[in-house]
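Presented below is the structure to which this report refers.
What you see is a predicted model; the values in this text were computed from it and never measured. Below, chains carry the letters A, B, ... as their sequence lines are ordered, and counting in each starts from 1.
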There are 2 protein chains.
Amino acid sequence: MVTIADVARHAGVAPSTVSYVLTGKRSISPQTRTKVRESIRLLGYHPHAGARALASSRANVVALVLPLRPGVHLPVLMRFVTAAVTTARRHDMDVLLVTADQGAQGLRRVAGSAQVDGFLVMDVELDDDRVPLLRQMAQPSVLIGRPAAVKGLTCVDLDFEAAGARCVDHLADLGHRYIGFLGAPSVVYQRNTGYAQRTMAGFGAAAMRRGIASTALPTEDDYESVLGSVRSLLRSQPGMTALVVHNEAALGWVAGSLRALGRRVPDDVAVVAICPDELAEQMQLTSVQLPAEELGRQAMELLVARLNGHPTAPLTLLPPKLSGRASTTPRLRRA
Amino acid sequence: MVTIADVARHAGVAPSTVSYVLTGKRSISPQTRTKVRESIRLLGYHPHAGARALASSRANVVALVLPLRPGVHLPVLMRFVTAAVTTARRHDMDVLLVTADQGAQGLRRVAGSAQVDGFLVMDVELDDDRVPLLRQMAQPSVLIGRPAAVKGLTCVDLDFEAAGARCVDHLADLGHRYIGFLGAPSVVYQRNTGYAQRTMAGFGAAAMRRGIASTALPTEDDYESVLGSVRSLLRSQPGMTALVVHNEAALGWVAGSLRALGRRVPDDVAVVAICPDELAEQMQLTSVQLPAEELGRQAMELLVARLNGHPTAPLTLLPPKLSGRASTTPRLRRA
DNA sequence: ATGAAAGCGCTAACAA
DNA sequence: TTGTTAGCGCTTTCAT
């Protein structure tokens, strides 16, 4: 194996000089730098990660804690992971994969052995049992999601409240006065992930603000349930001309249900989805996207910032972005 | 930070004794072992991974090299990853995530810095440019897939040839005499991944062997394309009573297409899918499964074996397993 | 701008 | 069965 001593000898300098050329932690004369770089290239030298970690107490590795359990939307997860890994690499860090099933136990082990300098934790719930642990660990962490109390943490999430509001604003601007909200399965609202509730809250508040009548209903993922919910919405609000859908699995049934009830999209009922962009694109639905790449990148950048001792806000909310498509079409203002 | 010296002092033994208790590399008296274990627990000691790696030249980390590019079937990938990670953990190893976009460059870096002891490389193509590199690296590797030459490597893959043949045999045993094959998008056959070709080859050879007429067509992932392909198959072989589908994304459209063409499953046309079991289960399709978990587990086990100096076969082919479901139903022998 | 040398925490000979 | 000790390869003070 080629060591730093070999390089130093070959370049006719001290090992420390080689180290400083590599880390850039002190100024080196251009000649020396070139000479050392050349020796490194010639000998094919790669610093030993373990030795480096030991001497500098910096592993240059971050843990990515992933759910990998049923129910997560994998395409989104993957885009997120890719963005996170790419960003980490841009900062010369590697990524250790820790699956959530390893639990708090796993976090403790990885942290204790100084294998990683920090944690990127996905899929954090309102009352996540890992949060107390993360607070007291030596290594900093960034959480994707929004636990109940964010004080002392660094959390990143989509601004779901704004997302709900954005849908209403878009529809209101188009002249709609009666808007329905088709939500996630009711079990999601029971499970305290929060994002579903926040979206609805944002939707409701925006509707109130704009003086718009709104009704909301949860729905399961099958056709019958969607049809039933849409029918209920129309019954309680016969003048409904727009629908906001926050349920990826139900999206496929919405148009069909509306048609079965005699309504066409977008002429009779406009539809806005809150879902990954690719899905909306495919179905030509106006949508508010879940910015997976942006989330992954941002989260990793925040983690790197914390690793470098920079302070970060406890909560970063990414603004929703609405993409207009065929399912909402400008219409004349109605009474 | 708690070090091995702290533990040794607390337990009244030498540091090496603590080390040996941890690694089990020499016999320790039960009393000492208990005493040391107790001190470890009490002090909350975790060995420093970097120090360990440096002293033992073993990182206890393996690299998982993943595609994460468009076109891979994510649910399968995830099950594979989960199985691989779980298996690694069972051997006290951690997993470093290396995305394929980091390329050969990334492999070299990770290998050179002794960050990992070995590589688990997914999605290996017939003429993969990483293969030469993997051959000459100090660390052993296990490849998922089947490069052109496996000599000197350790490769694991599903026996796709046998999978194609198994479908034919199942259908032939049920009395079918005209069988169609609905393949992956044509781009997959152009990209030299091999598995698609091998499945078709196995299918074709088995059909010949059993004296059965067969026709094969690629198909894209959308309804129109599937409908078109099925129509073509029926046109060129009007007596076709069975269909083998090797295209996960197309599966959802197959039954619909057949129905649109006046055929019902399984009464008029029996269907066998080559796809993950969960998908087949959900759609009640007879299927040959892609054993993602088994593949991930097996691959990691082989890697661990190699890390421990055990020899391994250059190519391990997992036998296909067919699960009979509603889409193929015993029928009388036809003319 | 560079060198010398003391560790970082652990493992694995070598001794006893 | 256990202890002693010399590194593993690197970073980082302290010196010059």
Nearest-angstrom distance from the residue atom [atom1] of [X] to [atom2] of [N]:
{"X": "A:R52", "N": "D:dT11", "atom1": "CZ", "atom2": "P", "answer": "5 Å"}
{"X": "B:I28", "N": "D:dG3", "atom1": "CD1", "atom2": "C1'", "answer": "11 Å"}
{"X": "A:R33", "N": "C:dA1", "atom1": "CZ", "atom2": "C1'", "answer": "11 Å"}
{"X": "A:H48", "N": "C:dT11", "atom1": "NE2", "atom2": "C1'", "answer": "13 Å"}
{"X": "B:L54", "N": "C:dG7", "atom1": "CG", "atom2": "P", "answer": "17 Å"}
{"X": "B:Q115", "N": "D:dG9", "atom1": "CD", "atom2": "C1'", "answer": "15 Å"}

Q | Sequence neighbours excluded, every pair satisfying salt bridge (Lys or Arg N to Asp or Glu O under 4.0 Å) that has a member inside residues 133-142 of chain A | A | none
Q) Side chains of B:P314 and B:L153: closer than 4.5 Å at any heavy-atom pair? A) no
Q: With the side chain counted from C-beta on, respond yes when B:V65 and B:R130 share a heavy-atom pair under 4.5 Å apart, and no when they do not.
A: yes
Q: Could you list by number each residue of residues 1-26 of chain A showing a heavy-atom separation from DNA chain C of less than 4.0 Å, or answer none if no residue does?
A: A:G12, A:V13, A:A14, A:S16, A:T17, A:R26
**Q.** Base-pair map of DNA chain D as dot-bracket, where | denotes pairing with a different strand and pairs are Watson-Crick or G-U under 3.5 Å
**A.** ||||||||||||||||
Q: For B:S57, answer base if it contacts any base atom (sugar-phosphate contacts may also be present), sugar-phosphate if it contacts only those atoms, and nothing otherwise; contact means non-hydrogen atoms under 4.0 Å.
A: nothing
Q) Between B:V121 and B:V131, does a side-chain contact (heavy atoms from CB on, under 4.5 Å) hold up when you go through it step by step? A) CA-CA 10 Å; B:V121 186; B:V131 168; over 6 Å; no
Taking distance alone, no hydrogens or angles, what donor-acceptor pairs closer than 3.5 Å link side-chain atoms of residues 136-143 of chain B to residues at least two apart or in another chain?
| residue | atom | partner | partner atom | Å |
| --- | --- | --- | --- | --- |
| B:Q139 | NE2 | B:A111 | O | 2.9 |
| B:Q139 | NE2 | B:V116 | O | 3.3 |

Side-chain donor/acceptor pairs under 3.5 Å, residues 11-20 of chain A, sequence neighbours excluded:
none

Q | Phosphate OP1/OP2 of D:dT1: any B:T32 side-chain N/O under 4.0 Å | A | no
Q) Regarding A:Q31 and A:T34, is there a side-chain donor-to-acceptor distance under 3.5 Å anywhere? A) no
Q) Between A:M93 and A:V61, which heavy-atom pair has the shortest distance, and what is it? A)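 Closest approach of A:M93 to A:V61, heavy atoms only: CE-N, 4.3 Å.
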Q: Measure from the side-chain heavy atoms of A:Y45 and tell me the nearest of C:dC10, D:dC10, D:dG9.
A: D:dC10
Q. What residue pairs, at least two apart or across chains, pass side chain to side chain donor-acceptor pair (under 3.5 Å) with a residue in residues 43-55 of chain B?
A.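 Not a single pair qualifies under side chain to side chain donor-acceptor pair (under 3.5 Å).
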